[in-house]
Number of protein chains: 2
Amino acid sequence: MLKYQQIAADIEQEIVDKDLQQGDKLPVLDAFMAQFDVSKSTITKALDLLEKKGIVYQVRGSGIFVRRHKRRGYISLLSNQGFKKELDGFQITSEVLALDIRRPTAEAARNLAVNPEESVYYVKRVRYINGQTLCIEESYYNKSVVSYLNNEIVSESIFNYISDALGLNIGFSDLYFNVGKINKKEAELLRLPDASPGLFMEQIFHLTNGQPFDFSKITYNYEQSQFFIQANNYFL
Amino acid sequence: MLKYQQIAADIEQEIVDKDLQQGDKLPVLDAFMAQFDVSKSTITKALDLLEKKGIVYQVRGSGIFVRRHKRRGYISLLSNQGFKKELDGFQITSEVLALDIRRPTAEAARNLAVNPEESVYYVKRVRYINGQTLCIEESYYNKSVVSYLNNEIVSESIFNYISDALGLNIGFSDLYFNVGKINKKEAELLRLPDASPGLFMEQIFHLTNGQPFDFSKITYNYEQSQFFIQANNYFL
DNA sequence: TAGTGGTCTAGACCACAAG
DNA sequence: TTGTGGTCTAGACCACTAT
């Protein structure tokens, strides 16, 4: 692990351990430089990482402060990998409805940037949170990247498998969503009345080298769908 | 403007001018160093900024590539300032339903971190996109930050006023949302049937020094609500 | 092996905030 | 005025990709 990543992790851990709250001040740069025995740039890099993650904010001339939102049970749309951390204390399980190798839809082929003739993995799951339906998920995986999947893998965290077992590095993702009414089939799976509100999401995941490997379409149970985003204003 | 910001802006402009697409390769670092006559760190800083904005991705040992999503008409949830840029070609207008100074609700006071006795600006608007209802927006502004508002300002972009006229620096925001059914009052304003699906968003905006100054509750017309997010995987 | 991006340093200097 | 974070440099060295 790189120095600045380790330092960032240490500082983050310290925030958790000391249960620091929004607005609490962290030590000054000089203190961190001494503590970790590294140059100013390395500390800055570590803090920039924490800032990107939405954990601190830096104020010139003043100090470094903790950024911590207070609401629990919201799904973070930035931490990519589905749920996990944001929902600690919440139990996520999956029921696998389909797992096979097939031709992608035109839409899937386009989003995965693969030839429509080329087979892909298809996975359809219903996901549950504390026993209640959370969402229906249909995923297409580029087979030349994700070469093998089985029922066991697909019942657990597919992303853990991809990064840990396959050693692939997940880089970034594009996420689109809109709101509408669910159809009869979706209503059945989500155990909701027909034409209930629904959140429809599409997400394309890329490796760090830019290659798309996963195109997913997710329909959320509106009763369980609470999301949050921490945005930074790089935009001016 | 700082060197690295200017360089980032120049590179971004060049991507637009040359109409580069997702995956297109940019010049190598050495070329940029020569072109702008700055050190490697400065170029790296500029490219990191563009990476945070979701405009490029960098691949070690390979190069720097353009990242560009293809779908148009989606509202970016990361570029903070409501709409504007993402919706070029789309006309956004506002109808002001209320503008006054009042005691905040308990909820607004909590989110703005002000005393419940302390008056705040309250603004309620309906926003239209190409003449169709887009959303209902109720906003509370911390009066000790946003000291003055009038009907003219509030009919246009409040954020432009805050940054340009008041000279305040908008830093980051926390955004929460869920999906449900709109009530009768909301249905009227959005010109939708009662109990239509709706997206309910709450957003807290902070200055760069961390002070919250705007708490907004927004109800979106589900027919006009298409959103996108470009996420990076800093999370591992 | 050569090319390319990433990390890290030490230090000079700048810009903003607080007292 | 002092403290604090931010920018920028020049250069050494490292890690990954492509060929």
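In the text below, chain A, chain B and the rest are named by the order of the sequence lines, each starting its count at 1.
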Q: Would you please name every residue forming a side-chain contact (heavy atoms from CB on, under 4.5 Å) with Asn169(B), sequence neighbours left out?
A: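 Applying side-chain contact (heavy atoms from CB on, under 4.5 Å) to Asn169(B) gives Thr208(B).
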I'd like to know if [X] pairs up with [Y] as an ion pair, taking the criterion as any Lys NZ or Arg NE/NH1/NH2 lying under 4.0 Å from an Asp or Glu carboxylate oxygen.
X	Y	value
Arg67(A)	Glu51(A)	no
Asp48(B)	Lys52(A)	no
Arg125(A)	Glu137(A)	yes

Rounded to whole angstrom units, what separation is found between the [atom1] atom of [X] and the [atom2] atom of [N]?
X	N	atom1	atom2	result
Asp30(A)	dT2(D)	CG	P	16 Å
Asn209(B)	dT4(D)	CG	P	18 Å
Phe65(B)	dG5(C)	CZ	C1'	11 Å

Q | Donor on one side chain, acceptor on other, Asn160(B) and Glu156(B), under 3.5 Å | A |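 Per modelled atom types, Asn160(B) and Glu156(B) side chains form no pair under 3.5 Å.
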Q. Got a sec? Which of residues 7-17 of chain B come in under 4.0 Å of DNA chain C, heavy atoms?
A.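 None - not one residue of the stretch has a heavy atom sitting under 4.0 Å from the strand.
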Q | Within 45° cone of Tyr176(B) ring axis and under 6.0 Å: Arg71(A) NZ or CZ | A | yes
**Q.** Among Tyr140(B), Phe215(B), Phe159(B), Phe172(B), the one residue meeting ring pair (Phe, Tyr, Trp, His ring centres under 6.0 Å) with Phe205(B)
**A.** Phe159(B)
Q: List the steps, then state whether ring pair (Phe, Tyr, Trp, His ring centres under 6.0 Å) holds for His206(A) with Phe213(A).
A: CA-CA 6 Å; His206(A) 306 256; Phe213(A) 69 94; 8.1 Å; no
Q.
Mind checking if Leu47(A) touches a base, just sugar-phosphate, or nothing, with heavy atoms under 4.0 Å?
A.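 Answer is nothing: Leu47(A) stays at 4.0 Å or more from every strand.
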Q.
I need a per-nucleotide contact map over nucleotides 6-16 of chain D, read 5' to 3'. Cutoff is protein heavy atoms under 4.0 Å; write B for the base, S for backbone only, - otherwise.
A. BSSBB----BB
